[in-house]
Amino acid sequence: MSDQETTILGEFLPYEEKIGESGNFIFVDAKEYIDAHKKTLDNYEKFWEELALELYWFRKPQKVLESVEKPYIYKWFSDGLINVSYLALDRNVKSGRKNKIAYIWEGEPVDKDGNPKEIKKLTYYELWREVNKASYILKSKFGLKKGDKIGIYLPMIPELPIFMLAAARLGIIFTVVFAGFTAENLATRLNDIKATLLITADGFYRRGKIIRLKDIADKALELSPSVKNVLVVRRIGLENLNMVEGRDYFFDELSKGVSPGVYVEPEKLESNETLYVLYTSGTTGKPKGIMHDHGGYSVLLHATMKWVFDIKDEDIHFCTADIGWVTGHSYIVFGPLIEGATSIMYEGAPDYPQPDRIWSIVERYGATILYTSPTLVRMLMKLGEDWVKKHDRSTLRIIHSVGEPINPSAWRWLYEVVGEKRCPVGSTWWMTETGGIMISHTPGFKLVHLKPGTNALPLPGVDVDVVDEKGNSMEPGKKGFLVIRRPWPGMPSWPDGIWGDYQRYVQVYWDKIKGLFFTGDWAIRDQDGYIWVLGRADEVLKVAGHRIGTYELESTLVSHKAVAEAAVVGYPDEVKGEVPVAFVSLKSGFSSSAELVEELKGWIRREFGPIAVPSQIFFVSRLPKTRSGKIMRRLLRALLEDKPLGDMTTLEDEAAVEEIKEAYERISKEIKRS
Ligand code: 6R9
């Protein structure tokens, strides 16, 4: 983040000549935006109600925002009846988009000329048919109905959105688990939600290899007693799968008996009924199952697709995320489909078979909107401009990034090299909990002038602030906590916010600064009202844009037989933003060695997943702790960054100065030795 800090609060740069020239976007001053934004907050409920009524409801809501007996749980549009699968499919099929392409999908393998061997284009009608078939199988073969829970562990193939929509159609609550996660991660999530069905695939391609997904799922199933059946999509046609008789079924085989014209009536759901639960890392304990509903969530996605992406019928929307993360849920599946847009999905990795995978996709399908991440940009930047310039990008008109702060040099690369100075480039801030974008440039509403690295201003109807620990607004230029002052549609939903753990929902988000939604991020508001999110203020890492709780990683390390205690901190990394570094103390009978470092790295890779493997592991005799037993991570961070202890002493008020000094010196010697 270093070059962000140097330009932070920086001046506007003469970046928008060409964007203005092209005549597509009209820039406004921040003052004008702020005035318009204020008006949306004055008539706050009315404002969201009008947006909600732009969607199709089986029964229109009369109520907008309702409190329930549980503090901080809100119901949006509670008496409305809706179904997001209907909005995404039936509405489009009925309103002239029947033959419009919903998804363009390409697989990873290429032919001898480097072109993808498999490309599928699904129209809205075809997607609707597929979803009806999948719903029919969920309903009649597995007897699933509204309120039942299932797990979806699928790679980036069309069946992933198909099953999400099929479940939504019936009011079945689903949780998608990223296909790069390990069996343990999968089992934790299946057990928490008590899924009765798991949908998975035989395997998929990634970087030229075949990943045998069903084998991994099988390991998870040994630990997940609630799962009674497994539905397997044949992506590769792998042999030697362990198909358990009476438990496991192939989707294609079950499909054979289903009439191609089968229609499954979508459930007319109350707005607040749960659509999905998505697990995300927190500071302590197991991952939190964030709940999103049908009604409020759809309204936020509809609004953000319009304002942030300025979505039009002729657009080709390309979000490079994996659907396993919230970005993919909202901006590959539900957001674009609600708007009847065409969107791109691809299997594999962004730099395989060549570093131009992304740009070749942009060119091949004429993508107009690119939504990507700073990590991906930094990785591709290093490989040189030629890979980009080889491909026509003249169709692109809007570029945004998400997942972590974007440093100005990555921003400039997107703006100058990728977008050829024609496209507004923004950094959209939001999180799994918010359901959709909260702070962003808004080319489809009023576009404020660009500044490289900023998140810009809060969206209409969204009330965010930067405050001190008491909830008082900070002056411009002063760092504070990013909070959301009022409820918003798409927020963690009724009845518990966090699946099965309302108490934790209140503690984590509402008790830190009483009555305000605590995001866990540091931010600064500059003199023009622009917000700059700086990074996490808690013990959550963002490694290549993926959220990882230090606590989860520490638990994985401690589950290894040699490890007594472990502490994980983030260390800045040029490409990934930050990487985990671990400090480990060993049980007696074990001694530090290069082999043990490798073994522990392999342990994390297997037990947690490759994204979390620490870049370094240091062995220490004891971890530095406060008297109440909290690990002094700031001390560890200072050590890693070779910063003097000086200002550290005031930070850890619970520990005695002498103890901190002693620990600092001891550990600095120990890490130099190892
Ligand atoms: C969508 C997503 C949420 C955390 C969030 C913040 C960081 C996301 C950002 C950003 C700066 C941006 N974050 N977008 N920081 N600028 N444009 O990433 O959700 O995985 O839940 O992570 O990501 O720290 O609190 P999630």
Side-chain angles (χ1 to χ4, degrees), residues 1 4-5 8 176 178 181 277-283 287-292 297 300-301 304 308 319-332 334-335 371-378 399-408 410-411 414 425-442 451-459 464 466 479 481-484 490-492 498 508-509 512 517-525 530-550 552 570 576-578 611-612:
M1 215 191 310
Q4 170 149 14
E5 274 160 9
I8 206 159
V176 174
F178 171 53
F181 268 155
V277 175
L278 183 60
Y279 288 84
T280 187
S281 297
T283 317
K288 300 171 284 195
I290 303 298
M291 305 174 68
H292 287 298
Y297 179 69
L300 180 64
L301 293 185
T304 53
V308 178
C319 167
T320 64
D322 191 291
I323 293 175
W325 308 103
V326 75
T327 302
H329 279 59
S330 295
Y331 297 108
I332 299 178
F334 297 110
Y371 195 28
T372 188
S373 71
T375 291
L376 184 66
V377 172
R378 289 188 296 258
I399 303 175
H400 284 298
S401 83
V402 59
E404 54 185 308
I406 188 160
N407 46 311
W411 186 93
L414 274 180
V425 173
S427 169
T428 65
W429 179 90
W430 60 294
M431 50 202 300
T432 306
E433 292 82 342
T434 67
I437 297 164
M438 298 270 107
I439 309 174
S440 175
H441 275 96
T442 49
K451 294 188 194 188
T454 186
N455 301 104
L457 291 127
L459 296 195
V464 307
V466 179
K479 173 170 154 180
F481 299 108
L482 184 72
V483 295
I484 307 176
M491 66 190 300
I498 294 179
V508 174
Y509 303 111
K512 296 250 161 63
F517 183 90
F518 184 78
T519 64
D521 280 326
W522 290 117
I524 294 185
R525 197 195 287 267
Y530 284 51
I531 291 178
W532 301 70
V533 175
L534 305 171
R536 303 288 307 178
D538 57 10
E539 300 306 338
V540 170
L541 307 183
K542 265 281 179 161
V543 181
H546 300 144
R547 239 165 110 171
I548 300 172
T550 49
E552 286 172 84
K576 295 180 178 167
E578 64 180 335
I611 47 175

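Note that the structure is a prediction, hence the values are computed from the model and not measured. One-based numbering, in listed order, for ligands and for the atoms of each.
Distances from atom 5 (C) of ligand 1 to the heavy atoms of I437, D521, I439 put D521 nearest. For atom 8 (C) of ligand 1, the nearest non-hydrogen atom from the set G328, G403, S281 belongs to G403.
Residue, atom and distance of the protein heavy atom nearest to atom 9 (C) of ligand 1 are E404 N, 3.5 Å. Closest to atom 1 (C) of ligand 1, if we only count protein heavy atoms, is W430 CE2, 3.5 Å. In terms of protein heavy atoms, atom 3 (C) of ligand 1 is closest to M431 CB, 3.4 Å.
No side-chain heavy atom of V326 sits under 4.5 Å from any side-chain heavy atom of I290.
A donor-acceptor pair is defined here as one N or O able to donate and one able to accept, closer than 3.5 Å; such a pair exists between the side chain of T550 and the backbone of E539. A side-chain donor-acceptor contact under 3.5 Å links H329 to the backbone of I323. Of the possible donor and acceptor atoms, one in the side chain of H292 sits under 3.5 Å from a partner among the backbone N and O of G490.
When heavy-atom distances to ligand 1 are checked against a 4.0 Å cut-off, R547 comes that close only through its side chain, counted from C-beta outward. Looking at I406 against ligand 1, nothing comes within 4.0 Å, counting heavy atoms. When non-hydrogen atoms are compared, ligand 1 lies under 4.0 Å from the side chain of N455 (C-beta onward) but not from its backbone. Contacts between H546 and ligand 1, counted as non-hydrogen atom pairs separated by less than 4.0 Å, are absent for every part of the residue.
The CG atom of L459 sits 6.5 Å away from the CE atom of M438 when rounded to the nearest 0.5 Å. With rounding to the nearest 0.5 angstrom, the CG atom of L301 is 8.5 Å from the CZ atom of F334.
Atoms of ligand 1 lying under 4.0 Å from any heavy atom of V402, numbered from 1 in the order shown and given with element: 1 (C), 14 (N). Residue T428 has at least one heavy-atom neighbour below 4.0 Å for each of these atoms of ligand 1: 9 (C), 12 (C), 14 (N), 17 (N). For ligand 1 and V326, the ligand atoms under 4.0 Å from any heavy atom of the residue are 1 (C), 19 (O). Per-residue contacts place T327 under 4.0 angstrom from the following atoms of ligand 1 (heavy atoms of the residue considered): 1 (C). Within ligand 1, counting atoms from 1 as listed, the ones closer than 4.0 Å to a heavy atom of T432 are 19 (O), 20 (O), 21 (O), 26 (P).
Ligand 1 has an N or O atom lying under 3.5 Å from an N or O atom of K542, backbone or side chain.
The aromatic rings of F178 and W325 are tilted relative to each other, their planes meeting at an angle between 30° and 60°.
Closest approach of W411 to V425, counting heavy atoms only: NE1-O, 3.1 Å.
By the 6.0 Å and 45° rule, K451 stacks over the aromatic ring of Y530.
Under a 4.0 Å heavy-atom criterion, W429 is in contact with ligand 1. In this structure, P405 has a heavy atom closer than 4.0 Å to ligand 1.
Using a 4.0 Å cut-off between a side-chain N of Lys or Arg and a carboxylate O of Asp or Glu, E404 and R378 qualify as a salt bridge.
A donor and an acceptor atom, one from each side chain of T432 and Y279, are nowhere located under 3.5 Å apart.
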